[in-house]
Structures are given as structure tokens and as C-alpha cells.
Amino acid sequence: MKKTILAFAVLGTMAGAAQAQSSVTLFGIIDEGLDMVTNKGGSHVYQLASSVMQGNRFGLTGTEDLGGGLKAVFMLENGFNLNTGGLGQNGLLFGRQAWVGLSSSQFGSVTLGRQYDSVFDYAAQFAAGQLGGGVYGAHPGDLDNSNIDYHSNNSIKYMSPMYSGFKFGGTYSLGGTPGNFTNNQIWSLGASYNQGPVGFGAAYLNARNPGTGMFSTSMSSLPETLMTPIYSGFMSANTYQLIDFGGSYTFGPATIGATYSNAKFMNLGSNPMPKGANGPASGFAAGSTATFNDVQINALYRFSPTVRVLVAADYVTRNALTQQDGTPVDRAKYLQYQASVDYSLSKRTDVYAMAIYQRALGDDSTGGPAVAAITDTTAISSNSNQFVARVGIRHKF
């Protein structure tokens, strides 16, 4: 008996030593606030809304040292609605991220699972939505996915190590259609440079059959009913193509940044409109392309280590189109202005206030007059103007 007890004690010591080479971290963000939203059915709406400055989440991330600079890595990240207690990402348990892979300090990392694309990894860091504008301050409709409203399932990702401020990588999401390797596939490439006061990033993304792939409910952080009219009528496209650039320069307490994205819904009419898609009854002329250009300028100023102010202006245009019955659809324009102030109470808790105004002109993707549609608000405007004011609190753990 004594020998048996001694053996178990030795094994326990060995297990403890082995575990010391691994680490698992529980982390999360809780964001909540009060909104005032104009022009919902012609009236103001006052509502609690969560996941605005940052998406609510909790997750586990971990590493195991395999020796020689090689590690096993994983991430399981859940999203949730603080006001209902419900799961985010359309009810997925780990809808934000769920992946596992290998990481080398010399060669970079390869990971497999549900992941963010290269647009978010390399270019989105320069957009106002990621600098303190929150989801409401994302580019109108999150047209270029810089707010990561849409994720990549079944994806393989490579990320390089950092080389003197430079890094690069790419993702490939398998469509999973028998007999058609490219159906619903998504692939992206990107690179960024951050050294001293200068930052720059660029990314390219290509999604085949985006209505049933990239913009489908299984990929989206949003319920189908919240897909923006800015582009919901273009889900019959054969291909969604995105080119995205961003950059910034920091001098003293100030950072000036700019982004540009070119998004195309190509070869409209190639695929049936997905169930629930909000598009015109007649559809668009077969083979036409809807092209969006988005330009943003932003400025971040740090008054002190605890107080930051962000301002930004965004301008989006879309070309004119023709429906199948010959009805013209006018070009669209979206003008958006925002300001936010953030005050840190501690390293993990801050309070903030933000205001966003958007004006829409022309016709939207449904063929009707464009309405303002500030990203991810549950109250799409009933006319061409919308204003959102918010005060909130965020806690990180």
C-alpha cells in the first residue's frame, strides 16, 4: 500500500511539472449602455444595448510548449447579449472564434476553425470602429467587414511572425459543397506595418456566392432581419470582392488615420436570393456589378492617460444600376460623422459617450429610396437621416 501511495505521489508531481509547460486563460469583455436612436417609425427609441464599444464575450485561450519554439495554441470565444442572457452570433456557443493550431516563433502560426479574416487582422485596426467608435462607428453597414460582423467557418489561417514591425498572412474558408470546391469559399490575404509613429495595412478578400456563404446567418453576428439595406439586395451576386487599405501617423498625443475600401458585388443575378433576403422583386440586370467606395478620415487625441477623444467622417458611394425590367436604380451615398470620448476608471473599467449621425442619398440595394442604417442598430431609420447618442460602461477581465 505504501508503495502504491508513493507511486501516485510521484506521478502527481510529474503531472504538475508537465502542466507547468502549459497555460489556459479565461478572459472576457462586458459592455452595456443606454442609447437614444432617432427615426424609428418616425419616433425616438430609448433602449439598453450591449456589445457596442466592443462585443460582449468570454472565452478560453491556451498554449502548450512543445519545445524548440513550437507551441500548440487554441481559442474558444463566445459572444452573448447582456440584456437577455442569450447567445450571440445567431445562437452559436463559440460564435466569435473557435480554433486550434500550431505556432512557431520562427515560422508563424497555422490555425484551423472559425476565425477572423485578413481584413480584420491587418486593415481594420485603422478604422474608427476599432479605435473607440464602436460598432455604431463602423463603416456604414460594415460594408468591408472591418467590424467583423461576418466570420469565416471551416477556415485555415496562416499568420507570419513580426519582422521589424511587418507581418502578413491569409485565410482560406472551405465551402464544403460536394463536387464544387469553390462554392461558398472565402479567401483573404493581408499585410501590415507598425513601427514607431507609422502604421499601414492592406487586405484583399474574395467570397464566392456571398449570399449563401459569407453573408449567411451561419457566418453572421447579426440576425437575418438586421442585414442592412445598404447591400442586402445584392445577395444574388456570384462574387463579393474587397480591397481595403488603412494607415495612421502618431505625433505626440494625437493620431491621424485614414481608410479606403472598394467592395464589389459582382455578376448580380447569378444565384437565387437567399431565404429572407431583403431585395427588389425583379432583381438587377444579370451580370451587373454593384461597386462601393468608402473613404474615412479619423483623429484620436489622448488628453491624458485616462481620457481619449475620437472624431471621424465617412463617405460611401455606390454606382447606379438597372433592374431586370429596365427600372433605373439611382446611385447611393452615405455620409456619416461621429465623435466619442472614453474615460478609464482603471486598467479594466472605462465609461464612455458617443454620438453618430448618418445621412443617406439616392436609392439603396432594395431599389427604393435609401434610408440611414447605422451599423448594427436594431432601429433602422424610417427616412434618410438618423442620429444615435449613447453612454456606456465597459469592463474587461
Side-chain angles (χ1 to χ4, degrees), residues 29-56 79-86 88-90 127-143 146-149 220-232 278 294 296 298 309-316 332-343 350-362 364-366 368-394:
I29 296 173
I30 302 173
D31 178 89
E32 179 67 301
L34 176 64
D35 295 354
M36 186 279 289
V37 186
T38 66
N39 291 339
K40 171 62 173 177
S43 301
H44 291 7
V45 175
Y46 298 88
Q47 60 187 22
L48 287 177
S50 63
S51 298
V52 173
M53 178 64 85
Q54 279 187 280
N56 287 345
F80 61 92
N81 186 322
L82 192 66
N83 291 306
T84 66
Q89 288 74 46
N90 286 292
Q130 301 300 324
L131 297 173
V135 58
Y136 295 166
H139 296 156
D142 195 21
L143 179 67
S146 62
N147 191 60
I148 205 66
D149 273 332
S220 179
S221 298
L222 307 172
E224 201 168 51
T225 54
L226 281 185
M227 179 176 279
T228 176
I230 293 174
Y231 53 79
S232 61
N278 182 22
D294 184 315
Q296 182 188 95
N298 56 65
V309 173
L310 173 74
V311 294
D314 210 296
Y315 179 59
V316 179
K333 297 180 182 179
Y334 298 89
L335 311 175
Q336 182 170 291
Y337 308 96
Q338 61 180 298
S340 64
V341 57
D342 183 276
Y343 178 71
D350 59 325
V351 292
Y352 60 88
M354 60 176 60
I356 301 95
Y357 170 76
Q358 187 183 112
R359 177 171 174 78
L361 302 168
D364 65 22
S365 68
T366 69
V371 297
I374 292 174
T375 303
D376 294 7
T377 55
T378 57
I380 293 175
S381 179
S382 52
N383 61 32
S384 61
N385 299 285
Q386 189 169 51
F387 176 79
V388 176
R390 173 180 174 86
V391 292
I393 182 171
R394 173 178 55 177

*Asks:* State, yes or no, whether a side-chain contact exists between Ser232 and Thr366 at a heavy-atom distance under 4.5 Å.
*Replies:* yes
*Asks:* Run the side-chain contact (heavy atoms from CB on, under 4.5 Å) test against Thr375 and tell me which residues pass, sequence neighbours left out.
*Replies:* Val135, Ala138, Asp142, Asp149
*Asks:* Donor-acceptor pair, distance only, cut-off 3.5 Å: does the side chain of Ser381 make one with the backbone of Ala373?
*Replies:* no
*Asks:* Minimum heavy-atom separation for Tyr231 and Gly141, please, with both atom names.
*Replies:* OH-O, 2.8 Å
*Asks:* If you compare all heavy atoms of Tyr315 against all heavy atoms of Leu335, which two are closest, and at what distance to 0.1 Å?
*Replies:* CD1-CD2, 2.8 Å
*Asks:* For Asn385, what residues pass the side-chain contact (heavy atoms from CB on, under 4.5 Å) criterion, not counting sequence neighbours?
*Replies:* Asn39, Tyr357, Arg359, Asn383
*Asks:* For Val316 and His139, what are the C-alpha separation, side-chain angles and deciding distance, and is it a side chain to side chain contact (heavy atoms under 4.5 Å, CB included)?
*Replies:* CA-CA 8 Å; Val316 179; His139 296 156; 5.8 Å; no
*Asks:* Could you tell me if the side chain of Thr377 sits less than 4.5 Å from the side chain of Lys40, heavy atoms only?
*Replies:* no
*Asks:* Please find the pair of heavy atoms, one from Gln338 and one from Ala128, that lie closest to each other, and give the distance.
*Replies:* NE2-CB, 3.6 Å
*Asks:* Can you name the residues that form a side-chain hydrogen bond (donor to acceptor under 3.5 Å, both in side chains) with Gln358, not counting sequence neighbours?
*Replies:* Gln336
*Asks:* Verify the distance criterion only: is there a donor paired with an acceptor across the side chains of Asp294 and Gln296 at less than 3.5 Å?
*Replies:* no
*Asks:* Can you tell me which residue pairs pass the salt bridge (charged side-chain N to carboxylate O under 4.0 Å, His left out) test with a partner in residues 374-392, sequence neighbours excluded?
*Replies:* Asp31-Arg390, Asp35-Arg390
*Asks:* Tell me, with the steps shown, if Arg394 and Ile29 meet side chain to side chain contact (heavy atoms under 4.5 Å, CB included).
*Replies:* CA-CA 7 Å; Arg394 173 178 55 177; Ile29 296 173; 4.0 Å; yes
*Asks:* Apply side-chain hydrogen bond (donor to acceptor under 3.5 Å, both in side chains) to Gln386 and list each qualifying residue two or more places apart in sequence or on a separate chain.
*Replies:* none
*Asks:* When rounded to the nearest 0.5 angstrom, what distance separates CZ in Phe387 from OH in Tyr337?
*Replies:* 14.0 Å
*Asks:* Who passes ring-ring contact (aromatic ring centres under 6.0 Å, His included) against Tyr136, sequence neighbours left out?
*Replies:* none
*Asks:* Got a sec, which residues hit side-chain contact (heavy atoms from CB on, under 4.5 Å) with Ile148, two or more places apart in sequence or on another chain?
*Replies:* Tyr116, Asp117, Phe120, Asn145, His151
*Asks:* Check the pair Gln47 / Val37 against side chain to side chain contact (heavy atoms under 4.5 Å, CB included), numbers first and verdict last.
*Replies:* CA-CA 8 Å; Gln47 60 187 22; Val37 186; 3.9 Å; yes
*Asks:* Taking the side chain as every heavy atom from C-beta outward, state whether Pro140 and Asp314 have any pair of such atoms under 4.5 Å apart.
*Replies:* yes
*Asks:* Taking all heavy atoms of Pro229 and all of Val371, pick out the closest pair and write down the distance.
*Replies:* CG-CG2, 4.1 Å
*Asks:* Just jot down the side-chain contact (heavy atoms from CB on, under 4.5 Å) partners of Asn81, sequence neighbours excluded, or say none.
*Replies:* Ser50, Asn83, Thr84
*Asks:* How far does CG of Leu131 sit from CG of Asp342, to the nearest 0.5 angstrom?
*Replies:* 12.0 Å
*Asks:* Go through the structure and list residues passing side-chain hydrogen bond (donor to acceptor under 3.5 Å, both in side chains) with Ser340, not counting sequence neighbours.
*Replies:* none
*Asks:* Can you find a pair of side-chain heavy atoms, one from Leu82 and one from Ile30, that are under 4.5 Å apart?
*Replies:* yes
*Asks:* Can you name the nearest heavy-atom pair linking Asn90 to Ser220, along with the distance?
*Replies:* ND2-O, 3.2 Å
*Asks:* Quick one, Glu32 with Asn56, criterion side chain to side chain contact (heavy atoms under 4.5 Å, CB included). Give me CA distance, side-chain angles, the key distance, then yes/no.
*Replies:* CA-CA 9 Å; Glu32 179 67 301; Asn56 287 345; over 6 Å; no
*Asks:* Determine the minimum heavy-atom distance between Val311 and Ala339, stating which atoms define it.
*Replies:* CG1-CB, 4.0 Å
*Asks:* Just verifying a value: how many Å separate Tyr334 OH and Asp364 CG, rounded to the nearest 0.5 Å?
*Replies:* 5.0 Å
